[in-house]
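To start, the structure under review is shown below, and the notes come after it.
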Amino acid sequence: MITESLEDNNTDMLAAAAMRTHAKGIFHSVLQESERQLDQELRNNDNKILSLLNQDSGSYYSFKGLMRKLRLHQQSLARALNRLERCGLVTRSSNGYRLNLSKQQLRPSRDQELNGKYSQGSFNLLLQTYIPKGITGRDIMKALGGRWFGKLRWIGLTEAETGHSMHWTNEENSFQVNLKLIWNSVVIESNAVSNSDKAEAMIGCFKMFEQITKILQTTLRNKDPKKFLHGHFLS
């Protein structure tokens, strides 16, 4: 009886040990798979960011702008940007995030090529005018950068030798509006397609121009208050 009882206990212990070993194996397999999926997700997020920034090495994107363009969760984007900054691939300034120009330009991926076709699509002119005398392109950039106009949300800006471009997108990210400062001219364009998107783009365009007019009025008022008050501010 005692022998049978000991054998039963040993059998139960062996069975329990086998079950624990099996459970540990399943747990480690699930953990490894989760880590693999997480690592893959991180790499994908990094590639998305680098592909977007690599479209134009002179582009700056705000954090919110990257969220809208890439449709990434806030925490996922923050982790990816921190990794890329630590690796020296991305730099951050008051203008936003951009590709580190000291690093060799990355080879475009297939996602980037498709992205590029979308972002570099057919843009139509909405407004073109001279920068009013008395203000500079830098004044316009400072006043408009980071702001929302109607349903247009700020993305970032691009610096180039020929001028600067400021970029906005709508809430659905279905179209983009660019304001270009080229020499002494302001050019506003959009790649909106649907009638509703075109209307949103045009509303945003006029709000931008209204803001530029306010900059001129403020500048001239500060420069010569008496002349401004007497209605001679354009003379």
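Both backbone and side-chain heavy atoms feed into the values below; hydrogens, waters and symmetry mates do not.
- Between the side chains of Thr158 and His167, at least one donor N or O sits under 3.5 Å from an acceptor N or O.
- Of all the heavy atoms in Trp154 and Gly146, the pair that sits closest is CD2-N, 3.2 Å.
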* Step by step, would you call Tyr97 with Thr91 a side chain to side chain contact (heavy atoms under 4.5 Å, CB included)? -> CA-CA 6 Å; Tyr97 294 89; Thr91 59; over 6 Å; no
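- Linking Ile, Leu, Val, Met, Phe, Trp and Tyr whenever their side-chain heavy atoms come within less than 4.5 Å leaves Ile188 and Val193 in two separate clusters.
- Ring orientation note: the planes of Phe149 and Trp168 are nearly perpendicular, at an angle over 60° on the 30°/60° scale.
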* **Audit row: Ser165, Asn178, side-chain hydrogen bond (donor to acceptor under 3.5 Å, both in side chains) steps and yes/no** => CA-CA 6 Å; Ser165 297; Asn178 302 327; over 6 Å; no
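- Between Tyr130 and Ser185 the shortest heavy-atom distance is CD2-OG, 3.9 Å.
- Rounding to the nearest 0.5 Å places OG of Ser76 at 15.5 Å from CZ of Arg71.
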* Derivation and outcome, side chain to side chain contact (heavy atoms under 4.5 Å, CB included), residues Val177 and Thr169 -> CA-CA 6 Å; Val177 171; Thr169 186; over 6 Å; no
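- For the side chain to side chain contact (heavy atoms under 4.5 Å, CB included) criterion with Leu81, the lone passing option out of Leu89, Leu72, Leu66 is Leu66.
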* **Full working for side chain to side chain contact (heavy atoms under 4.5 Å, CB included) between Arg86 and Asn82** => CA-CA 6 Å; Arg86 288 196 302 269; Asn82 286 335; 3.8 Å; yes
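- Residues Ala143 and Ile215 share a closest heavy-atom pair of CB-CD1, 3.3 Å.
- Annotation for Leu50 and Val90: closest pair CD2-CG2, 4.1 Å, computed over non-hydrogen atoms.
- In this structure, Leu179 CG and Ile140 CD1 are separated by 7.0 Å, a value rounded to the nearest 0.5 Å.
- For the residue pair Asn47 and Ser51, no side-chain donor N or O sits within less than 3.5 Å of a side-chain acceptor on the partner.
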* side-chain hydrogen bond (donor to acceptor under 3.5 Å, both in side chains) evaluation trace for Gln176 with Lys69 -> CA-CA 10 Å; Gln176 185 169 311; Lys69 291 291 287 185; 3.1 Å; yes
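- Atom CG in Leu77 sits 7.0 Å away from atom CE in Met67 (nearest 0.5 Å).
- In this structure, Lys151 NZ and Glu172 CD are separated by 7.0 Å, a value rounded to the nearest 0.5 Å.
- The nearest pair of heavy atoms linking Lys207 to Gly150 is CD-N, 3.5 Å.
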* To do: Run the numbers on Glu159 and Tyr60 for side chain to side chain contact (heavy atoms under 4.5 Å, CB included), then give the verdict.
  => CA-CA 8 Å; Glu159 294 182 340; Tyr60 288 92; 3.7 Å; yes
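- Other cluster members for Leu125: Val187, joined by side-chain heavy-atom distances under 4.5 Å among Ile, Leu, Val, Met, Phe, Trp and Tyr.
- Taking hydrophobic clusters as Ile, Leu, Val, Met, Phe, Trp and Tyr residues chained together by side-chain heavy-atom distances below 4.5 Å, Phe209 shares a cluster with Leu152.
- At a cut-off of 3.5 Å, with distance as the only test, no side-chain donor of Ser122 or Asn191 sits close to an acceptor on the other residue.
- Linking ILVMFWY side-chain heavy atoms closer than 4.5 Å, directly or via other members, places Ile203 and Trp148 in two distinct hydrophobic clusters.
- Around CD of Gln75, the count of heavy atoms belonging to other residues, nucleotides or ligands within 6.0 Å does not exceed 12.
- Atoms CG and SG, from Leu127 and Cys205 in turn, are 4.5 Å apart once rounded to the nearest 0.5 Å.
- From Leu157, atom CG reaches atom CG of Leu144 across 11.5 Å, with rounding to the nearest 0.5 Å.
- Two different hydrophobic clusters hold Met141 and Ile182 under the rule that ILVMFWY side chains link at heavy-atom gaps under 4.5 Å.
- In terms of heavy-atom proximity, Arg153 sits nearest to Glu171 at NH2-OE2, 2.6 Å.
- There is a side-chain donor-acceptor pair under 3.5 Å between Asp139 and Thr136.
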